[in-house]
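Within every chain, numbering begins at 1; the chains are lettered A, B, ... in the order of the sequence lines, protein sequences first and strands thereafter.
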There are 2 protein chains.
Amino acid sequence: MEDLIRKNMERTLGEEISEEMLSDLKALSFEKNYDKKEYLVETGQACNYQFFILEGACYSYYLNEKGNKNVIQLAIEEYWITDAPSYFRETAAVSTIETLEPTRALMIHKKDFEKLCFSHQLFDRFFRILLQNALASLHTRIAKTISEDADHRYKGFSKRYPHFIQRIPQYLIASYLGIKPQSLSRIRKNL
Amino acid sequence: MEDLIRKNMERTLGEEISEEMLSDLKALSFEKNYDKKEYLVETGQACNYQFFILEGACYSYYLNEKGNKNVIQLAIEEYWITDAPSYFRETAAVSTIETLEPTRALMIHKKDFEKLCFSHQLFDRFFRILLQNALASLHTRIAKTISEDADHRYKGFSKRYPHFIQRIPQYLIASYLGIKPQSLSRIRKNL
DNA sequence: TCAAATGATTCACCTATGTTAAGAAAACAG
DNA sequence: CTGTTTTCTTAACATAGGTGAATCATTTGA
């Protein structure tokens, strides 16, 4: 289904987008296929693209000094993912983004992103709304991370993101929740 | 100094803004003074404004079931603060925003925010950049919260936000870091 | 100017989660 | 189908940080 992106934009904006806008988007973006375990972004390099997942699954993580992965984002079909610091400022990526399955993604270069926003106010609005939503979600995530115990966080996560529970390895969900895989296993044992 | 807001916008955008833009902003925003311990936003009510702090200090927090405050944002001069879920979507505020000192803030109603973005592309851009920066910071905060121990988080925080260490009560900083005031006190004792 | 409220510290004890290590189960590759 | 790698589980033990209670210090405001 080629028009996942159109659907995503129209749902986010609450209005239909013109054919012209869509064709400008297609002209300034492209699709790419990745195998399982390939990198979309690597720490330390410039992240020049944001990705809209058309098919597949991936995740982003930070590595700390001890070499542990700390999962920042999970993404499957219809999710947007990128290294925000690098894409939006002019810095090196702080996270790595890796596929979990063979993945097909729509990619938008940051220059083209600026062009799109400049040429259609509706793009500006669309991306502003995406950012607003992301911000609201992160506020909620922070609040839960600092206030709830691991058990509650896992229950809340499973309820809110059942599609992730089915597709993402448990040890990555554990990391996303800020706990160790063994602890998540223990939590699941007690229902 | 009346033009804190201009300074903030120009620094963020990396370019000067026109007199016209500035006067449109002034026309669609207003200033308000708050006493210490007043609410800018209350949980459950619509949050129709975003606030740019001209003078003073405030913080936003979620209350969990047990009635504990969980600090989401801290803000002093030149910081923007609002309840993102409520301001950007059409929902009730999930957080409370309260002053810590007598505070003077510039307020922008969400309707006027839309108008400003619509009438000057540069406003769109400005707010998109604000959001992008906020997002990048939250990614970092999440990563640190789930990967570092309390001691490291406090050290990192003091280094990055020395101005908050001086002005914000310790028990709120503890909450921001996801720990109890007693623990922060224990951490500080060991330098 | 002093009582009351607020914020910080300390301590003894407790608990959730981390650590290490091992083995079972599932997924994958040849 | 079979061996290898990845993911998940279990358990014994260790520890960072939570809890509750008491005390001290500081700020506030009547």
* Structure fact -> In B/S/- notation (B base, S sugar-phosphate only, - none; protein heavy atoms under 4.0 Å), nucleotides 12-22 of chain D written 5' to 3' is -----BBBB--
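Judged as a side chain to side chain contact (heavy atoms under 4.5 Å, CB included), and not counting sequence neighbours, the contacts of A:H109 are A:N48, A:Y49, A:K111, A:D112. Residues satisfying the side chain to side chain contact (heavy atoms under 4.5 Å, CB included) test with A:S158, not counting sequence neighbours, are A:Y154, A:I165. A:T96 meets the side chain to side chain donor-acceptor pair (under 3.5 Å) test with A:T43; sequence neighbours excluded. Remark: A:N64 engages no residue in a side chain to side chain donor-acceptor pair (under 3.5 Å) (not counting sequence neighbours).
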Kindly list each side-chain donor-acceptor pair under 3.5 angstrom involving residues 168-184 of chain A, sequence neighbours excluded, with atom names and distances?
{"from": "A:Q170", "atom 1": "OE1", "to": "A:R188", "atom 2": "NE", "distance (Å)": "3.4"}
{"from": "A:S175", "atom 1": "OG", "to": "A:K69", "atom 2": "O", "distance (Å)": "3.2"}
{"from": "A:S175", "atom 1": "OG", "to": "A:V71", "atom 2": "N", "distance (Å)": "2.8"}

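Pairs engaging residues 72-96 of chain B under the salt bridge (charged side-chain N to carboxylate O under 4.0 Å, His left out) rule: B:K7-B:E78, B:R11-B:E78, B:E77-B:R167, B:E90-B:K110 [sequence neighbours left out]. Annotation: salt bridge (charged side-chain N to carboxylate O under 4.0 Å, His left out) contacts involving residues 36-61 of chain B, sequence neighbours excluded, comprise B:E55-B:R104. Pairs passing the salt bridge (charged side-chain N to carboxylate O under 4.0 Å, His left out) check and including a residue from residues 125-137 of chain B, sequence neighbours excluded, read A:E114-B:R128, A:D124-B:R128, B:E15-B:R125.
Computed from C1' positions of five pairs at each end, the angle between the two local axes of the helix from C:dT1-D:dA30 to C:dG30-D:dC1 equals 60°, rounded to 10 degrees.
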Report, one pair per line, the protein and nucleotides 28-30 of chain D atoms (nitrogen or oxygen only) whose separation is under 3.5 Å.
{"from": "D:dT28", "atom 1": "OP1", "to": "B:K36", "atom 2": "NZ", "distance (Å)": "3.2"}

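When DNA chain C is scanned in the 5' to 3' direction for atoms under 4.0 Å from non-hydrogen atoms of chain A, the outermost contacting nucleotides are C:dT17 to C:dC28.
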